[in-house]
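Before any comments, here is the structure.
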Amino acid sequence: MLLGNGGNGTPIRRIFTMLAMFAVLGMLVNWVWVIRTNSPTSFIAPYGSEIPNVLPADPHPIQRLMLEADQKVLTIERTRSRTFSETVTRYRKKYGRHPPPGFDKWYRFARERGIWNVDDFDQIWHDLRPYWRYSPKELRRLVRGICNEERKVAHLSCFTLRNGKVTPSDQDWRATEFKKMLEVIKGYLPDMDIAMNRMDQPRVIVPWEDMQAALKVEESSRALPSIDKVRNEFTKIDLTEEENAEEGPLPTGEWFGMKTDNYMDLANVACPPESYARNPDTMSRKAVEATYKLESGFVKNFNLSSDLCTVGPIIKDKHGFLFSPSSVSASNKLIPIFGECKVNINSDILFPANMYYKNDPRYVYNPSGDIPWPQKSPTSFWRGITSGGVQTPENWRNLHRHRFVLLSNSTELSLSSTNTTIFSPITNSFTSSWSPVEFVKKHLDAAFPRIIWCVPDVDCAWLKTFLSTVPKVKLTDTFRHKFLPDIDGHSFSGRWHAFLKSRSLGIKATIFREWHDERLVPWRHFVPLDNTFEEFYSLMVFFLRGPGWRGADEEAARMAEQGREWAGRVLRREDIEVYMLRLMLEYARLLDDERDTVGYAGTGEEVSV
Ligand SMILES: *[C@@H]1O[C@H](CO)[C@@H](O)[C@H](O)[C@H]1NC(C)=O
Ligand SMILES: *[C@@H]1O[C@H](CO)[C@@H](O)[C@H](O)[C@H]1NC(C)=O
Ligand SMILES: *[C@@H]1O[C@H](CO)[C@@H](O)[C@H](O)[C@H]1NC(C)=O
């Protein structure tokens, strides 16, 4: 009974007195919190300086999560490598190998582009590890095979690199962007073939047992031969000749479509035997949730909250990609395909999404339209099309985008007129008597400017009886609002970089993994949102002012600013190029016949930038 809606008659004076007391308490907490957070450190970038190691007496769970995130970021910042020697030493310690050939050149390339953290590339390592199980020759043959399949079957764009010349197999927009990225780095790379996914959806689902076997091969092949046995150069190979000498049928992708009703049925095989996904009937859902959510409902482990082996059974009928994907073409074979995103059980090799490199005004952040935080309206704002899965009259209310839009529709909510349970920032506990209608009307705005792609009729006449379209907005117009939720479409959302770079606060719910994930820290650079959206109201109630509650505007502003500052440092065009070069060097080593004895084996002392 915290945020208004108290007025149903009887002890109204008592309620007012109570509210007044809460208000005073709220102001007090607010005042203490502001003073404490602002004093010892700068607001924007406390790197290298002390962070406030203090919390209010009865902190809100989000204040605690923010503090933990600050500490995590400080640790990363304090321990990152500053020199090339430190970088290579750390590489060997972490991965048990020498860095790939040309790593010294990569390091210079990265420093020239003002890289912030040279260590931040574990994703590449994780993505490529299983592919050590193939010999270089097998791997080259596999790429040749899947690239030879008919495009309609394979849904791939392929690239050949020969003597520094990049040739794409087609003119798909993704291929065109990918080629642009390769053009920047081709001078550092040997001849090779690359297969890129052209679908929105990820492709490779390797059974867990096969994956463990593949990882074992990688582990057992680790070695650090001495410098006299290692060449810092890729081995020359004539790929055209090799191709011409091919005999017999080439391997294929063995692609299949959606075989059952739910993607989890395909995904389960890739999960560990002891995971919730494989034991949904015997494991406790509550215990599983406790691994990634606080009791208050806020996400404490964003990684696990989007791990399908963990949350799959919980969200299998809540995310369109899982129960109604617009298209699936998958394989159970370990196939080296470069993709823009994946869910955790996929083995696609991530690269920075083409959309992030393309200068498309629908997705690129343009600061000229942005405004300072205090001038933004205290609203959560979302616009998008009705993507995310095939929409039918039976399933549309479960699709993730549609669910989100319904949560923000006060008319819809007033029809059902039930109260909702939220976590109250005033009492720091749950309350079940919160009526969302007024709050939603005032603060939440989510709608579809276009309602399309329905089944059975493409124009969605039936869906338009439940939802109405709103005028289209430009990306910059969204920055008039303080809070910008980012919700998956058919796959990841290409607006995420822009949201992070803006002065607004990004709120992220996703099941997809992207290249940049490990460099973004939840509760420091953005607000993580559970894929059920169950805590969305609680989040917004915390941030916004309400009766008896100060509204955690300071906290929101701080995260928005931190996210912006950080994205401006690690999600630049240059960072994409740096990632691509390191990725391609590692990939080239995998394809190298002498991969165990090529690499950078020096001390790193000769490079002094
Ligand atoms: C995410 O979770 C998985 C599974 O528990 C784990 O293997 C992986 O290291 C985690 N990644 C990060 C970045 O924490
Ligand atoms: C909803 O909560 C309000 C207090 O916020 C209360 O007055 C009202 O009776 C509740 N309604 C229902 C249906 O429980
Ligand atoms: C909100 O819900 C009402 C009632 O169901 C519906 O008529 C309206 O079109 C919805 N608004 C939007 C923007 O979808």
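Counting convention: from 1, in listed order, for ligands and their atoms alike. Note: hydrogens, waters and symmetry copies are ignored here, and every other heavy atom, side chains too, is used.
When the heavy atoms of T431, T420, N419 are ranked by distance to atom 13 (C) of ligand 2, first place goes to N419. With atom 14 (O) of ligand 3 as the reference point, the heavy atom nearest to it among S468, A446, S410 is part of S468.
Taking the centre and axis of the six-membered ring of F466, the NZ or CZ atom of R397 falls inside the cone set by 45° and 6.0 Å. Cation-pi geometry between R589 and W132 is not met: the NZ or CZ atom fails to fall both under 6.0 Å from the ring centre and inside 45° of the normal. Seen from the ring of W116, R80 counts as a face-on cation partner, given the 6.0 Å and 45° thresholds.
Residue-level proximity to ligand 3 for F448 is absent, since no heavy atom of it falls below 4.0 angstrom. Contacts of N409 with ligand 3, taken as heavy-atom pairs under 4.0 Å, involve the side chain alone.
For atom 5 (O) of ligand 3, the nearest non-hydrogen atom of the protein is E412 OE1, 2.9 Å. Closest to atom 6 (C) of ligand 3, if we only count protein heavy atoms, is F466 O, 3.3 Å. Annotation: atom 4 (C) of ligand 1 to nearest protein heavy atom, D307 OD2, 3.8 Å.
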Query raised in the report: For S81 and D119, what are the C-alpha separation, side-chain angles and deciding distance, and is it a side-chain hydrogen bond (donor to acceptor under 3.5 Å, both in side chains)?
Result: CA-CA 7 Å; S81 301; D119 307 316; 2.8 Å; yes
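Some N or O of S433 is nearer than 3.5 Å to an N or O of ligand 2, by distance alone. For the pair N303 and ligand 1, the shortest N or O to N or O distance falls below 3.5 Å.
The salt bridge (charged side-chain N to carboxylate O under 4.0 Å, His left out) pairs that include a residue from residues 441-451 are R383-D445, E438-K441, where partners are two or more places apart or lie in different chains.
Every atom of ligand 3 with a heavy atom of L467 under 4.0 Å away is listed here by number and element: 9 (O), 14 (O).
We find that K216 and E209 are not joined by a salt bridge, their nearest charged nitrogen and carboxylate oxygen being 4.0 Å or further apart.
With sequence neighbours excluded, the residues satisfying ring-ring contact (aromatic ring centres under 6.0 Å, His included) with W106 are F103, F121.
Heavy atoms only, all atoms of each residue included: P485 and F381 are closest at CD-O, 3.3 Å.
For atom 9 (O) of ligand 1, no protein non-hydrogen atom is found at a distance below 4.0 Å.
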